[in-house]
A.B. asks: 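Quick one: structure below, then a few questions.
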Amino acid sequence: MWFWLALITLLCWSGSDLFSKIGCRDPKDKYSHLKMVIAVGVVMGLHAAYEVFVSGTEISLSIILIYLPVSLLYIFSMALGYIGLRYIELSISSPICNSSGALVALLCLATDGIGSVHPAQLAAVALVCAGVIGLGVVEAREDEDLRAARQEASNYKYSKSFLALALPVAYCLLDALGTFADSRVLERLDEDSANVAYELTFLCAAVFCLIYVLIVKKDRLLPRAELPKYTGAIFETAGQFAYIYAIADQAHVALAAPIISAYCAASVLWSRVFLKEKLSWKHYTMVLLVVIGIVILGVFDA
């Protein structure tokens, strides 16, 4: 079951990538990243209310506090990722951000050992990690003429800068720590309760951002500009719901994490189809490595 949950997470979070990029890419809106946090917090808050009042999920202040370090790592990493979308293409940002899955797999294998993992599964993890990291390397070393051609087609111009690359790298590190801590904290907490704790924490972050944007900075929320953000937030929340169960399977966390991190491969494809960001044969080679790795993991799980 962990494999299908990880795959659903992959599809939902790649959709979230696409719509978050559309919602945050306007350079004129300097608070777009905070508005994205607001959107995600609102949707997650609604889902948390459903879980508590309809599904009867247990939640308490102690549960929220136990899960708080994990929640903060995820929220801060996502906020940094949203800022980065203003300065860099999705097809570059997403692979760099989601190299965190490779770090998680290495952390898990280093602390828990290889155990009974089949050699083919280890090879599959290596393929997925190589594909995810390779996408980031290919994008970072891309020919300037190809970069210019892609940006011309997408009608958005970006230039190489330290900040543009530092933000997704910071996301990668924080997200890897969050995922690794998540697998440990979930040994003590029920998955549903942990997910609700995360969503309520995100709702609190959304409230603070809303006060800052509307009251302190006196900015506005325009429905047309906010629609992609809330669409991305719905995909994000659905992916989080599947993710919490996929990562809770302790026996397969080292395998689920690389699959989930591979959602950047789908994000790269969506960026080509919908954002007109062009890809080279090197990009497609890296995507193929990721897909092969996922298929191998799925076959062995079956």
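All of these numbers come straight from a predicted model, not from anything done at the bench. Counting begins at 1 with the first residue of the sequence.
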A.B. asks: Applying side chain to side chain donor-acceptor pair (under 3.5 Å), can you list everything that pairs with S32, at least two apart in sequence or on another chain?
C.D. replies: none
A.B. asks: Under the side chain to side chain contact (heavy atoms under 4.5 Å, CB included) rule, collect the residues that match up with L11, sequence neighbours excluded.
C.D. replies: none
A.B. asks: Would you mind writing out the side-chain donor-acceptor pairs for residues 210-221 within the sub-3.5 Å range, not counting sequence neighbours?
C.D. replies:
{"unit_1": "D219", "atom_1": "OD2", "unit_2": "K35", "atom_2": "NZ", "d": "3.1"}

A.B. asks: Is I234 reachable from V196 through a run of hydrophobic residues whose side-chain heavy atoms are each under 4.5 Å from the next?
C.D. replies: no
A.B. asks: So, using side chain to side chain donor-acceptor pair (under 3.5 Å) as the criterion, who are the partners of T57 when residues are at least two apart?
C.D. replies: E51
A.B. asks: Would you check if the side chain of R25 reaches a backbone N or O of L85 as a donor-acceptor pair within less than 3.5 Å?
C.D. replies: no
A.B. asks: I would like to know whether Y284 and L269 meet side-chain contact (heavy atoms from CB on, under 4.5 Å); could you show each step before the answer?
C.D. replies: CA-CA 9 Å; Y284 288 114; L269 294 178; 4.0 Å; yes
A.B. asks: Partners of L73 by side chain to side chain contact (heavy atoms under 4.5 Å, CB included), sequence neighbours excluded?
C.D. replies: L174, L177
A.B. asks: Is there a path of hydrophobic side-chain contacts, each under 4.5 Å between heavy atoms of I/L/V/M/F/W/Y residues, joining I64 to V70?
C.D. replies: yes
A.B. asks: What's the spacing between C172 SG and L167 CG if we round to 0.5 Å?
C.D. replies: 13.0 Å
A.B. asks: Less than 4.5 Å apart, any side-chain heavy atom of I63 and any of E58?
C.D. replies: yes
A.B. asks: Please collect all ring-ring contact (aromatic ring centres under 6.0 Å, His included) contacts where either partner lies in residues 27-49, sequence neighbours excluded, each pair once.
C.D. replies: H47-F241
A.B. asks: Is it possible for you to say whether I75 and L46 belong to one hydrophobic cluster, with membership spreading through side-chain heavy-atom contacts below 4.5 Å?
C.D. replies: no
A.B. asks: Which residues pass the side chain to side chain contact (heavy atoms under 4.5 Å, CB included) test with A130, not counting sequence neighbours?
C.D. replies: none
A.B. asks: Evaluate the criterion side-chain contact (heavy atoms from CB on, under 4.5 Å) for residue pair L18 and L275; output intermediate values, then yes/no.
C.D. replies: CA-CA 8 Å; L18 173 64; L275 303 179; 3.9 Å; yes
A.B. asks: Looking only at heavy atoms, which two atoms of G232 and S16 are closest? And how far apart?
C.D. replies: O-OG, 3.2 Å
A.B. asks: Atom CG in D29, atom CG in L222: separation rounded to 0.5 Å?
C.D. replies: 8.5 Å
A.B. asks: May I ask whether Y198 and I59 are part of the same hydrophobic cluster, defined by side-chain heavy atoms of I, L, V, M, F, W, Y residues being less than 4.5 angstrom apart, directly or through others?
C.D. replies: yes
A.B. asks: Starting at CG of L34, measure out to SG of C209 and round the result to the nearest 0.5 Å.
C.D. replies: 4.5 Å
A.B. asks: Using 0.5 Å steps for rounding, measure from the OG1 atom of T237 to the CE atom of M44.
C.D. replies: 4.5 Å
A.B. asks: Can you name the nearest heavy-atom pair linking W270 to G15, along with the distance?
C.D. replies: NE1-N, 4.1 Å
A.B. asks: Measure the CG-CG distance between L61 and L68 for me, rounded to the nearest 0.5 Å.
C.D. replies: 9.5 Å
A.B. asks: Treating Ile, Leu, Val, Met, Phe, Trp and Tyr as nodes and any side-chain heavy-atom pair under 4.5 angstrom as an edge, say whether M78 and W13 lie in one connected cluster.
C.D. replies: yes
A.B. asks: Restricting to non-hydrogen atoms, name the atom on K276 and the atom on V273 that form the minimum distance, rounded to 0.1 Å.
C.D. replies: NZ-O, 3.4 Å
A.B. asks: Do you know the tightest heavy-atom contact between P69 and L65?
C.D. replies: CD-O, 3.6 Å
A.B. asks: Throw together a table of side-chain donor-acceptor distances under 3.5 angstrom for residues 288-297, partners on residues two or more places apart or in other chains.
C.D. replies:
none

A.B. asks: Quick one: side-chain hydrogen bond (donor to acceptor under 3.5 Å, both in side chains) pairs with a partner in residues 61-82, sequence neighbours left out?
C.D. replies: S60-S62, Y67-D182, Y74-D182, Y74-Y243
A.B. asks: What is the distance from atom CZ of F235 to atom OG of S14, rounded to the nearest 0.5 Å?
C.D. replies: 8.0 Å
A.B. asks: Clusters formed by hydrophobic residues whose side-chain heavy atoms approach within less than 4.5 Å: which one holds I8, and what are its other members?
C.D. replies: none
A.B. asks: Give the C-alpha distance, both sets of side-chain angles, the deciding distance and a yes or no for side-chain contact (heavy atoms from CB on, under 4.5 Å) between F202 and V40.
C.D. replies: CA-CA 8 Å; F202 217 123; V40 175; 3.6 Å; yes
A.B. asks: What residues, two or more places apart in sequence or in another chain, satisfy ring-ring contact (aromatic ring centres under 6.0 Å, His included) together with Y230?
C.D. replies: none
A.B. asks: By the salt bridge (charged side-chain N to carboxylate O under 4.0 Å, His left out) test, which pairs, at least two apart or in different chains, include something from residues 229-239?
C.D. replies: E226-K229
A.B. asks: On a heavy-atom basis, which atom in A246 and which in L5 lie closest, and how many Å separate them?
C.D. replies: CB-CB, 3.8 Å
